[in-house]
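Here the structure comes first, spelled out in structure tokens, and everything after it is commentary.
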2 protein chains.
Amino acid sequence: MSDCIEMLDSETKAVETPEDHAEELRLWLRLLTCTTLIEGEVRGRLRQRFDVTLPRFDLMAQLDKAPDGMTLSDVSKRMMVSNGNVTGLVERLVESGHLDRRTSETDRRVQVIRLTKLGRAEFRRMAAEHETWIADLFADLTPKDVRELMRLLAKTKASAQKSAGRRRP
Amino acid sequence: MSDCIEMLDSETKAVETPEDHAEELRLWLRLLTCTTLIEGEVRGRLRQRFDVTLPRFDLMAQLDKAPDGMTLSDVSKRMMVSNGNVTGLVERLVESGHLDRRTSETDRRVQVIRLTKLGRAEFRRMAAEHETWIADLFADLTPKDVRELMRLLAKTKASAQKSAGRRRP
DNA sequence: CCGAATTGTTTTAAGCCTAAAATGTTTTCC
DNA sequence: GGAAAACATTTTAGGCTTAAAACAATTCGG
């Protein structure tokens, strides 16, 4: 124990410093790094292989899961982005022929959007390749790692949602 | 083993369906959801409490760890954003008096930026509160959860970097 | 030493993104 | 029925972000 003299302040002052949340902070930064890294990689590959942006791809992914279409609000909630953001994104995808947008018959406030035939075909083509990229990016994780990460991230999501709810009920 | 009849297609058809990466895809989406959720929460709180944007805060956080300053390239690598992005961010923070920017004496290509006294003081004030937000967002994770997540995310980061490196060596 | 690659930064063009205000529509609740 | 609240979307203003091209300064190899 001759090294005790070299101990860090952060260790010795555990009592005086009321709360030490350095671990959580490091965890958050690591989480952010992982996401940024993977996102950047996916963004670059989508652009190079298919000349499509990540937000466009994400929006098409939402619509592919909803054959009967979605409202802009639905999309905005699912993608966790602002309403105004979706408006512009949809505009450009309608323009390029990937999306079909029509006003709901029963509620004239609502715009329902769907993938066009072209949009669906292109998305499926991209999604197939996209899936292999993701698999490759996570390739060093064992199935057990994946399960465990899924579990811990579910817990994280629940914790964050609870905390966010406390502030904005 | 009487339950074998109930086995899922994804298990029984392992040979016919060449590769099933649905699990990794779900993991990626969950990772993204967690990050987006927390990031949005932090962004909102920074804006409401301190009227500062998240990118500005992130940049100041980098500089707070480097008392002798950093070059724009350093910052861009650390933050994992493009060079041009940093240029604009720095411009606005110099304008508002939070950053000091000067050309290196030894290499006239290089711009060295530092926090000003004001910038450092403001950042410290924000960082203290920011740390409690993060702690709160992760509050439901046990110390063991945190350690395990750190480990698995480190593994994820390494895996993703390896995969990214294979594409762009 | 000098041309060629390399490195650091800025510029450009386009798109993404947010918060807040504005607009139009429907529902609610007297 | 009609005012008020709630809802869905768009608009606005400003900032963020990227990829690629342009520019400037340094280093490298012959």
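Residue numbers start from 1 in every chain, and the chains themselves are labelled A, B, ... in the order their sequence lines are given, proteins ahead of strands. All of these numbers come straight from a predicted model, not from anything done at the bench.
The base of C/dT7 is paired with the side chain of B/Arg109 by a donor and an acceptor separated by under 3.5 Å.
Listed pair B/Arg108 / D/dT26 meets the phosphate criterion, a side-chain N or O lying under 4.0 Å from OP1 or OP2. For D/dT18, the OP1/OP2 oxygens have no side-chain nitrogen or oxygen of A/Thr53 closer than 4.0 Å. Considering only side-chain N and O atoms, B/Arg92 lies under 4.0 angstrom from the phosphate OP1 or OP2 of D/dC16. Proximity of A/Ser73 to the phosphate of D/dT9: a side-chain N or O atom is located under 4.0 Å from OP1 or OP2.
Each of C/dT11, D/dT26, D/dT9 was ranked by its minimum atom distance to the side chain of A/Asn83; first place goes to D/dT9. With C/dC16, C/dT11, D/dT18 as the candidates, the nucleotide lying closest to the side chain of A/Leu89 is C/dC16. Checking C/dT26, C/dT10, C/dG8 against the side-chain heavy atoms of B/Arg101 singles out C/dT10 as nearest. Nearest nucleotide to the B/Arg56 side chain, out of D/dT10, C/dT25, D/dG15: D/dG15.
Rounded to whole Å, the distance from CG on B/Asn85 to P on C/dA14 is 19 Å. A straight line from CG of B/Leu93 to P of D/dG14 spans 18 Å, rounded to a whole angstrom. As a whole-Å value, the separation of A/Arg47 CZ from D/dA20 C1' is 9 Å. Put simply, CG on B/Asp107 is 17 Å from P on C/dT6, counting in whole angstrom units. Taking atom CE on B/Met79 and atom P on D/dC16, their separation rounds to 10 Å, with Å as the unit. Residue B/Leu54 contributes atom CG, which lies 12 Å from atom C1' of C/dC17 at whole-angstrom precision. Here D/dG15 presents its P atom at 16 Å from CG of B/Leu59, a figure rounded to the nearest Å. Rounded to whole Å, the distance from CG on A/Leu72 to P on C/dC17 is 15 Å.
There is a side-chain donor-acceptor pair under 3.5 Å between B/Gln48 and A/Arg167.
Taking the nucleotide of DNA chain D with the nearest heavy atom to each of A/Val112 and A/Gln48, the more 5' of the two is matched to A/Val112.
Side-chain contact check for B/Met70 versus B/Val112: every heavy-atom pair is 4.5 Å or farther apart. Using a 4.5 Å heavy-atom cutoff, the side chains of B/Met126 and B/Met60 are in contact.
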Next on the checklist: Checking A/Phe57 against A/Phe50 for the ring-ring contact (aromatic ring centres under 6.0 Å, His included) test, could you report, in this order, the C-alpha distance in whole Å, the side-chain angles of both residues, the deciding distance, and whether it holds?
Outcome noted: CA-CA 10 Å; A/Phe57 178 83; A/Phe50 301 113; 8.2 Å; no
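In summary, of the residues considered (A/Leu137, A/Asp145, A/Ile38), a side-chain contact (heavy atoms from CB on, under 4.5 Å) with B/Thr156 occurs for A/Ile38 alone.
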